[in-house]
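This report concerns only the one structure given below.
Remember, it's a predicted structure, so these values are computed and weren't measured experimentally. Convention: sequence-line order gives letters A, B, ...; per-chain numbering from 1. Heavy-atom basis, side chains included; hydrogens, waters and symmetry copies ignored.
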There are 2 protein chains.
Amino acid sequence: MARWQPDPTRRLVVAALELFEERGYENTTVIEIAERAGLTKSTFFRHFPDKREVLFGGETMADLVAKGIAAAPESATPLEAVAHALDTIGRAAFPPDRRAFGARRQAVIAANPELREREALKGLRLTASMIDALVRRGVPDLTARVAAELGALAWKIAYERWSDTSGDDEFGAAARRALRDVREASSAC
Amino acid sequence: MARWQPDPTRRLVVAALELFEERGYENTTVIEIAERAGLTKSTFFRHFPDKREVLFGGETMADLVAKGIAAAPESATPLEAVAHALDTIGRAAFPPDRRAFGARRQAVIAANPELREREALKGLRLTASMIDALVRRGVPDLTARVAAELGALAWKIAYERWSDTSGDDEFGAAARRALRDVREASSAC
DNA sequence: GCAGTGACGGGACTTGCTCCCATCACTGTA
DNA sequence: TACAGTGATGGGAGCAAGTCCCGTCACTGC
């Protein structure tokens, strides 16, 4: 018999999400999460640097976006490069079967200030990563900052729509629509 | 003789900033901050909800921006309303004699992940507040979100320039220039 | 003179998080 | 078959953040 059950990281995430839904983030102890996953506190902190991160670990969106922007055709404008990146990400990190998980995760995050704070930090990282990738393409600094900010907003809107709706959209389509909407709105400011 | 020294909140902020500069945020204990201010841990947590907040408390930028947007002339476009708000804030919350403090504060925040995280949350609050104020003016939701995002970026750039430079600019002027730059950049995306 | 009031001191307690060491199924090698 | 690594986990000591509750005492108004 195997010494340990497989995929401890995933088990911790599932246990945490369940407990946060049942009794709220702040009424849940790291020890309780670990126990439900059949592990201990020590092991929890070997898989995640802190309690909040259990809902944010895994695929780092910032890296994916940076790669996507770098891979965009050279002729693309800044926002077109961002669109290319969002499209790539949709295929890589948001398969349709993860939508239900995404919706539950979003609800838990929205209900807790600490988790919203961590989400805000991830947003900053995403933006910083986009700025960096755009500057590497030769985009002027200020233009890159604006394009990244608009791209991050589009990403946020797309993720909201994708996880909230019960339709059968894929993330890429939602992202394209969101970016188009953001573009239109920015010319109406 | 008075029972307590005056302005305990300010004394705590000053003590915290000094200690963070001397030995770093994470090598500084709440007890140490309180002791340098001539107080105790209990009193610290009566003035601030947590350790991070000691550098973010006080004038809440989100409220000021909301008031500034609401007070803008009715004919103003979304971004003009934002400009009006930034201008008002400059006069109210960023007198020239606070620039040195602002620069020290920024350096400490930049050096620590926890403080950057809190700053990111404040940024979200600022944006949310701007969106709300714009929607109240009848601005469509998506337009409001984009204008708020651009406004928040302008605010950030203005604060960076204002606290970093040794010139004699006032915050309002820096904000106007930043918003104009952001506007130009957004049409180059 | 005298009973509130309210800011502060102080200590007990929970929990997040770190560190260090022991355990033991699995691995490759002789 | 034997045997010394390896590496993920268990477990416990310890520190600091943050909460709670209660006592203290200069100030206040009557």
How many Å lie between CD on A:Gln5 and P on C:dA25, as a whole number? 14 Å
Output side-chain donor-acceptor pairs under 3.5 Å for residues 7-14 of chain A, partner residues at least two apart or in another chain, one line each.
unit_1	atom_1	unit_2	atom_2	d
A:Asp7	OD1	A:Arg10	N	3.4
A:Thr9	OG1	A:His47	ND1	2.8
A:Arg11	NE	A:Ala37	O	3.3
A:Arg11	NH1	A:Gln5	O	3.1
A:Arg11	NH1	A:Pro6	O	3.2
A:Arg11	NH2	A:Ala37	O	2.8

Heavy-atom closest contact (B:Ala154 atom, B:Leu86 atom, distance): CB-CD1, 4.3 Å
Residue-level proximity of residues 105-113 of chain B to DNA chain D when a heavy atom falls under 4.0 Å: none
Closest approach to the side chain of A:Trp4, judged atom by atom: which nucleotide of C:dT23, C:dC8, D:dT9 is it? D:dT9
Strictly below 4.0 Å: does A:His47 bring a side-chain N or O up to OP1 or OP2 of D:dT9? yes
State, to 0.1 Å, how close A:Ala185 and B:Val146 come at their nearest heavy-atom pair, and which atoms those are. CB-CG2, 3.7 Å
Between protein and nucleotides 13-22 of chain D, map the contacts as a letter string: B base, S sugar-phosphate only, - none, heavy atoms under 4.0 Å, written 5' to 3'. B---SBB---
A:Thr40 side chain N/O closer than 4.0 Å to the phosphate oxygens (OP1, OP2) of D:dG10? yes
May I ask you to check if A:Lys51 and A:Phe44 form a cation-pi contact, with NZ or CZ under 6.0 angstrom from the six-membered ring centre and within 45° of the axis? no
Between its two end axes (five pairs each) the helix from C:dG1-D:dC30 to C:dA30-D:dT1 turns, nearest 10 degrees, through 10°
So if I take residues 10-20 of chain A and measure heavy-atom distances to DNA chain C, which residues fall below 4.0 Å? none
CZ (B:Arg180) with more than 12 external heavy atoms under 6.0 Å: yes
So, applying side chain to side chain donor-acceptor pair (under 3.5 Å) with A:Glu18, which one of A:Arg36, A:Arg23, A:Arg104 is it? A:Arg36
Tell me who clusters with B:Leu121, hydrophobic residues only, linked when side chains sit under 4.5 Å apart either directly or through other members. none
Over 60° means perpendicular and under 30° means parallel, so classify the ring planes of A:Trp162 and A:Phe171, tilted if in between. perpendicular
Within 45° cone of B:Phe56 ring axis and under 6.0 Å: B:Arg105 NZ or CZ: yes
Decide yes or no, distance alone: a donor-acceptor N/O pair under 3.5 angstrom between the base of D:dC25 and the side-chain of B:Arg3. yes
